[in-house]
Number of protein chains: 2
Amino acid sequence: MDPNPIGFQHHDHSHCVADAVEAADRSCREAGLQLTPVRKRTLEILLEEHRALGAYDVLARLSEDGFGSQPPVAYRALDFLTKHGFVHKIEKLNAFIACAHPGELHTPAFLICTSCQAVAEAETDPSHSLLANIAETTGFRISRAVLEAEGTCPNCLASEK
Amino acid sequence: MDPNPIGFQHHDHSHCVADAVEAADRSCREAGLQLTPVRKRTLEILLEEHRALGAYDVLARLSEDGFGSQPPVAYRALDFLTKHGFVHKIEKLNAFIACAHPGELHTPAFLICTSCQAVAEAETDPSHSLLANIAETTGFRISRAVLEAEGTCPNCLASEK
DNA sequence: TGATTGATGTTATGTTATTACGTCTCAGCC
DNA sequence: GGCTGAGACGTAATAACATAACATCAATCA
Ligand SMILES: [Zn+2]
Ligand SMILES: [Zn+2]
Ligand SMILES: [Zn+2]
Ligand SMILES: [Zn+2]
């Protein structure tokens, strides 16, 4: 299985890390946010891997790179990036992944392949959202939604046969 | 979708625990499953509380009742109940809650009030499911879905004013 | 200058979950 | 009866995930 899928397709990975970091940098400057070295490096790590990483995986990499070696170092950077939409947490995996569609405000849905561990981020249509409908009928006001599905990705389905 | 999710309304709780346990008992006998004392007691505990409980909360109660005191005791019972649809795990809370609509196969959606901690289980319409649509367009085969929303429940919205 | 804020680091601890292994029971079979 | 395999339950030990509390430093600003 491809160790490098975005969504479930192959792609040229060589430039997208730098581009995404650059975009985040610009976005932070505009918003008055500090994309500090640890934070930037954390984002790079997630982009390079292009898959969901646990906080301790990230921490190990940061530590190798000369940053602090204690859990709060990773958790704080991940919190910042998550809070500002550059990274998402996959609740089902207790893991983090770089946003595949940064910039726009969105409610992502994740498709998690239990065979190859790939994670794809799909966009949802807010107006037709299942949860929005439920919220409307029940009078519940949603602030954040978690949409995750486990299953088998197209690649793994194909190779099963 | 269920227009009347259990969770945000008061209701007479006195009989529903016994009824639900009875139903589970019957269902297990029919399916050739063993609803053993620990498993039954675990289900009772979750039904009595009628809210999401952590595995260690459940464990403490089981231990008080003379069952084992080590984590696997709770996790194994919860795994059994979850696997067979009597209990759901709320990923966002790392907690477990008794199913509000047992018996039918379903993909529940949870509404989690961050103000009062109430959790409501709403039914979803599989055919119109957001994730089902995504799966169709991407070729991903879903085996399990996690649908959870955090926000404010109708009761808390009302008392905010 | 002194106060405030926000970022980073550390130590220590808390919370959630699993692995590994021994025992018991019961059903199926000789 | 005695053997065997499967499944349930118990324990000890450990792994994996996450936060609290506190010290330091730099930038900002009255
Ligand atoms: Zn995203
Ligand atoms: Zn796959
Ligand atoms: Zn349910
Ligand atoms: Zn509430």
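Keep in mind that this is a model prediction, so the values were computed, not measured. Naming convention: chains lettered A, B, ... in sequence-line order (proteins, then strands); numbering from 1 in each chain.
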[X] [atom1] - [N] [atom2] separation (whole Å):
{"X": "A:Glu91", "N": "C:dA17", "atom1": "CD", "atom2": "P", "result": "12 Å"}
{"X": "A:Arg76", "N": "D:dA20", "atom1": "CZ", "atom2": "P", "result": "12 Å"}
{"X": "A:Tyr75", "N": "C:dT13", "atom1": "OH", "atom2": "C1'", "result": "14 Å"}
{"X": "A:Leu53", "N": "D:dA16", "atom1": "CG", "atom2": "P", "result": "15 Å"}
{"X": "B:Lys83", "N": "D:dA8", "atom1": "NZ", "atom2": "C1'", "result": "13 Å"}
{"X": "B:Gln34", "N": "C:dC24", "atom1": "CD", "atom2": "P", "result": "18 Å"}
{"X": "B:Leu62", "N": "D:dC9", "atom1": "CG", "atom2": "P", "result": "11 Å"}
{"X": "B:Tyr56", "N": "D:dC17", "atom1": "OH", "atom2": "C1'", "result": "12 Å"}

How far apart are the closest heavy atoms of B:His84 and B:Leu33, and which atoms are they?
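Smallest interatomic distance, heavy atoms only, reads CD2-CD1, 3.4 Å.
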Taking all non-hydrogen atoms of both residues, which atom of B:Gln70 and which atom of B:Leu59 are closest, and how far apart?
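That closest heavy-atom pairing would be O-CD1, 3.5 Å.
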A:Glu148 side chain to A:Glu91 main-chain N or O, any donor-acceptor pair under 3.5 Å?
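Between the backbone of A:Glu91 and the side chain of A:Glu148 there is a qualifying donor-acceptor contact (under 3.5 Å).
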N/O donor-acceptor pair under 3.5 Å between B:Ser143 side chain and A:Glu150 backbone:
yes
Is the phosphate of [N], meaning OP1 or OP2, less than 4.0 Å from a side-chain N or O of [X]?
{"X": "B:Ser69", "N": "D:dG10", "result": "no"}
{"X": "B:Asn94", "N": "C:dA17", "result": "yes"}
{"X": "A:Gln70", "N": "C:dG9", "result": "no"}
{"X": "B:Lys89", "N": "C:dA17", "result": "yes"}

From [options], pick the nucleotide closest to the side chain of [X]?
{"X": "B:Ala55", "options": "D:dT19, C:dA17, D:dA12", "value": "C:dA17"}
{"X": "B:Phe67", "options": "D:dG10, D:dC17, C:dT10", "value": "D:dG10"}
{"X": "B:Val73", "options": "D:dT11, C:dT8, D:dA18", "value": "D:dT11"}

Would you mind telling me which residue lines up with the more 5' stretch of DNA chain D, B:Pro71 or B:Pro37, judged by nearest nucleotide?
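Between the two, 5'-proximity favours B:Pro37.
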Any side-chain donor near an acceptor of the partner, A:His88 and A:Glu121, under 3.5 Å:
yes
With a 4.0 Å cut-off on heavy atoms, is A:Arg39 in touch with a base, just the backbone sugar-phosphate, or nothing at all?
sugar-phosphate
